[in-house]
Amino acid sequence: MSTSVAVYRNIYTEDRFRQSFGTEDKPRRRGEGFRQKLAERCRCSGAACVHLLKQRVPILNWLPKYKLKKWILGDTVAGLTVGILHIPQGMAFALLTSVAPIYGLYTSFFPVVLYMLFGTGRHVSTGTFAVVSLMTGSVVEQLVPTPLQLNTSSPEAAEFEAQRIGVASAVALLSGIMMLCMFGLQLGFLSTYLSEPIVKAFTSAAAFHVTISQLQSMLGLRLPRHTGPFSLFKTLASVIENLPHTNMAEFLISLVCLAILVPVKEVNMRFRHRLRTPIPVEILTVIIATGVTYASSLDSTYDIQIVGHIPAGFPGPRTPSLHVLPEVAGDTVAITFVGYAVSVSLAMIYADKHGYSIHPNQELLAHGVSNTVSSLFTCFPSSATLATTNILESAGGFTQLSGLFTSLVVLVVLLLIGPLFYFLPKAVLACINVTSLRQMFLQFQDLPDLWRVSRIDFVVWLVTWLSVVVLNVDMGLAIGVVFSMMTVICRTQRAGCSVLGRASNTEIYKPLENHNKCSEVPGVKILTYNGPIYYGNRSFFREDMSRLLGLSPERIRSREKARKAQAKREREAVDTVERGVANTSFSSENDFFKSETAESEVQAVLMDCSSVIFVDVAGARLFIQMCIECQKVGVCIYLANCNESVLKILTSSGLMNYMNPQHIFVTVHDAVMYIQQQKEKPPENNTTIWV
């Protein structure tokens, strides 16, 4: 390409540019801006109320615009498909939560309806999620541990189940309240602290916990559930130790179910673009297993564990166990963040794919209301789910209305069909749990790409995964988040300082280590720092600056002594001239000193602040200290490309007492042209620049 650009303009300092192109600051009284903003927020009108209502209840916004002929078929098919999948998964994930399967069906109904009213994700399917259920189950097991000998038909068993769902509902209530508080404080951005490598590593490692925890149900073993650090290894050791007591009937049931579920789910995944709806293999397996168990009396003949009584009808309101809220608060924080982060991540993925936007703070409200209200109907914590969301989108869903058809399917089961699952073996639900984790296990495939793109993100993934597997789900997540934030801090601490050189006959300045054909401007050292300057990296910044400028304490002292000697000689020369005697030796000495300084020493330091996104008080004081040290060695400091916040902090910290305000320029090239013109001729008002 032979295109070129030529610009002829004035040299702009920050002050001059602001005077020419800046916005005039309107004088206003103290507190006037705050009062004005408060008045605008509190102003009430009919239109404002309607707008606020549509914001907070999105169904009022999208339902009147619903394209009935275009979308109703896709929403109906997708909703019914997901509803059929919710039935076995809801009962299966209830086992992970350590509560009766019926509560999984309740959790597959209420959150779906509430999210349809308040959610902004068109392709998000909410309900029971394996990771959240596993974390909630750990809390339930800690507070209400499973007795080894318990008659499922005794009154003690009913009281035991009531205690367990009371704890799980309390976790859901507290999780919902936390989300509502976060919504009130507009803290939707907090989900960004769970980065993609953390979420993927966490869910992948949690899948191992889910699989190991289901081994005892698949083998027909009655073992206590382990919680706390190293729980995965404790559970695995307990299962291996009790292998001789395996119930062979349940083991064979598990093998048959896996032999059916795994291939059919693989077919669903491989041919999802050709299948109008995926094969509902989970519900078919549940129906067949229930029928075979009932016909063959497997529960009494071979002592296999079955689901038992599932009450028909709609659940009545019941207050959660409020007295356990202080005990579950710590675990609930982790459950809340995981549920919200996974939900928002899924919503964003499909929103980007289909070209619409979601609102993270509104998602907080939607999931907060879902968990708070559903907890009053004996539900455990819910969130968006990976498998059902993927199926909802691939089955042709368009809007949140698909949730209506999903909830209708679950409602029919609750009112009419639920008791028919009395003879369903728990081993079947355990197999459904394990096979539903396929997507989480496949996240290992991302590791080679992650290694190629970013080694740091690869290490974050690995540390999070190992922490979750070795320690525990909540503790491993905390370690992953802290480690990820530490990598960010370390990167800002070691941002690095570079020397810039100019590409000949251009206004382009690039780091010399990567562009060896660029050259330094004679007498000017142009530096750039690729990060913020704050208390955490001020020592590294000072070290880099001192190294590049050669500002060692010895050199500063020697140059300062030389400057003082020169000043003394100049005073003596003035006295000699006043007495009428010329000092030729001084003249030659002084010329020699100036020529040596001009040719071999840096006379000006130009700091390119384009990559300095912020400066704190410690960083500003360091700037002042560097200015003083440069002045001691006779070097002028210039700044360029400062953003408004950095410039404001530097000015407020008193930097202008140590450097000329006219030495702050809009671009690096402006500063370089100014410095070169200062060498060649006296300063003029209309200095210009060719670009």
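Throughout, residue positions are numbered sequentially from 1 according to the sequence presented. Note that the structure is predicted; figures quoted are calculated from it, not measured.
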Answer yes or no on whether Arg122 is positioned over the face of Tyr356, meaning its NZ or CZ is under 6.0 Å from the six-membered ring centre and within 45° of the axis.
-> yes

So, the side chain of Tyr12 versus the backbone of Arg18: is there a donor-acceptor pair under 3.5 Å, distance only?
-> no

Side-chain (Gln362) to main-chain (Gly119) donor-acceptor, under 3.5 angstrom = no

Shortest non-hydrogen separation from Ala329 to Met178 and the atoms involved = O-CE, 3.9 Å

salt_bridge(Lys200, Glu196) N-O dist < 4.0 Å | yes

Is the backbone of Thr506 close enough, under 3.5 Å, to the side chain of Arg502 for a donor and an acceptor to pair up by distance?
-> yes

Taking the six-membered ring for Trp, are Phe458 and Trp451 parallel (under 30°), tilted (30 to 60°) or perpendicular (over 60°)?
-> perpendicular

So, the side chain of Asn361 versus the backbone of Gly188: is there a donor-acceptor pair under 3.5 Å, distance only?
-> yes

Among Val463, Ile456, Leu462, the one residue meeting side-chain contact (heavy atoms from CB on, under 4.5 Å) with Val459 = Val463

For residues Lys510 and Cys518, report the shortest heavy-atom separation together with the two atoms involved.
-> CB-SG, 4.3 Å

Do the charged groups of Glu629 and Arg542 touch, with an N to O distance under 4.0 Å?
-> yes

Would you check if there is a donor-acceptor pair between the side chains of His354 and Glu393 at a distance under 3.5 Å?
-> yes

Where the side chain of Ser652 meets the backbone of Ile649, is there a donor-acceptor pair that is under 3.5 Å apart?
-> no

Please confirm whether the backbone N or O of Gly480 pairs with a side-chain atom of Ser484, one donor and one acceptor, at under 3.5 Å?
-> no

Pair Leu53-Leu60, side-chain contact (heavy atoms from CB on, under 4.5 Å): steps then yes or no | CA-CA 8 Å; Leu53 186 62; Leu60 299 177; 3.6 Å; yes

Step through the shown structure and confirm whether more than 12 heavy atoms of other residues, nucleotides or ligands are within 6.0 Å of OH on Tyr658.
-> no

Apply salt bridge (charged side-chain N to carboxylate O under 4.0 Å, His left out) to Asp474 and list each qualifying residue two or more places apart in sequence or on a separate chain.
-> none

Going by distance alone, is a donor N or O of one side chain under 3.5 Å from an acceptor N or O of the other, for Tyr674 and His669?
-> no

Any side-chain donor paired with an acceptor under 3.5 Å for Glu363 and Tyr115?
-> yes

For Asp457, enumerate each residue passing the side chain to side chain contact (heavy atoms under 4.5 Å, CB included) test, keeping only those at least two apart in sequence or located in another chain.
-> Pro197, Leu450, Ser454

Does any N or O in the side chain of Glu14 come within less than 3.5 Å of the main-chain N or O of Ile664, such that one atom is a donor and the other an acceptor?
-> no

In chain order, what residues pass the side-chain hydrogen bond (donor to acceptor under 3.5 Å, both in side chains) check against Ser175, with sequence neighbours excluded?
-> Thr336

Which heavy-atom pair separates Glu513 from Ser498 by the least distance, and what is that distance?
-> OE2-OG, 3.0 Å

Test side-chain contact (heavy atoms from CB on, under 4.5 Å) applied to Phe665 and Leu639, Asp670, Asp15, Leu606, the passing residue = Asp670

Donor-acceptor under 3.5 Å (Ser653 side chain, Ala620 main chain) | no

State, yes or no, whether a side-chain contact exists between Leu512 and Asn516 at a heavy-atom distance under 4.5 Å.
-> no

Exam field: side chain Ser546 to backbone Glu543, donor-acceptor pair closer than 3.5 Å = no

Considering only heavy atoms from C-beta outward, does the side chain of Gln400 approach that of Ile59 to under 4.5 Å?
-> no

How many angstroms lie between atom CD of Gln625 and atom CD1 of Ile628, to the nearest 0.5 angstrom?
-> 7.0 Å

For the student: nearest non-hydrogen atoms of Gly121 and Ile358, plus distance = CA-CG2, 4.1 Å

Under the 3.5 angstrom rule, does the side chain of Asn537 hit a backbone N or O of Pro532 as a donor-acceptor pair?
-> yes

Among Val668, Thr667, Leu527, which one satisfies side-chain contact (heavy atoms from CB on, under 4.5 Å) with Asp608?
-> Val668

Derivation and outcome, side-chain contact (heavy atoms from CB on, under 4.5 Å), residues Gln603 and Val635 = CA-CA 5 Å; Gln603 299 172 5; Val635 175; over 6 Å; no

Looking at side-chain heavy atoms only, is the closest gap between Ile479 and Leu466 below 4.5 Å?
-> no

How are the rings of Trp465 and Phe444 set to each other: parallel, tilted or perpendicular (split at 30° and 60°)?
-> perpendicular

Check Asn643 against Val612 and note the closest heavy-atom contact, atom names and distance.
-> ND2-O, 3.2 Å

Atom CZ of Phe614 with >12 non-hydrogen neighbours under 6.0 angstrom | yes

Tightest non-hydrogen contact, residues Phe202 and Thr464, listed as N-CG2, 4.1 Å

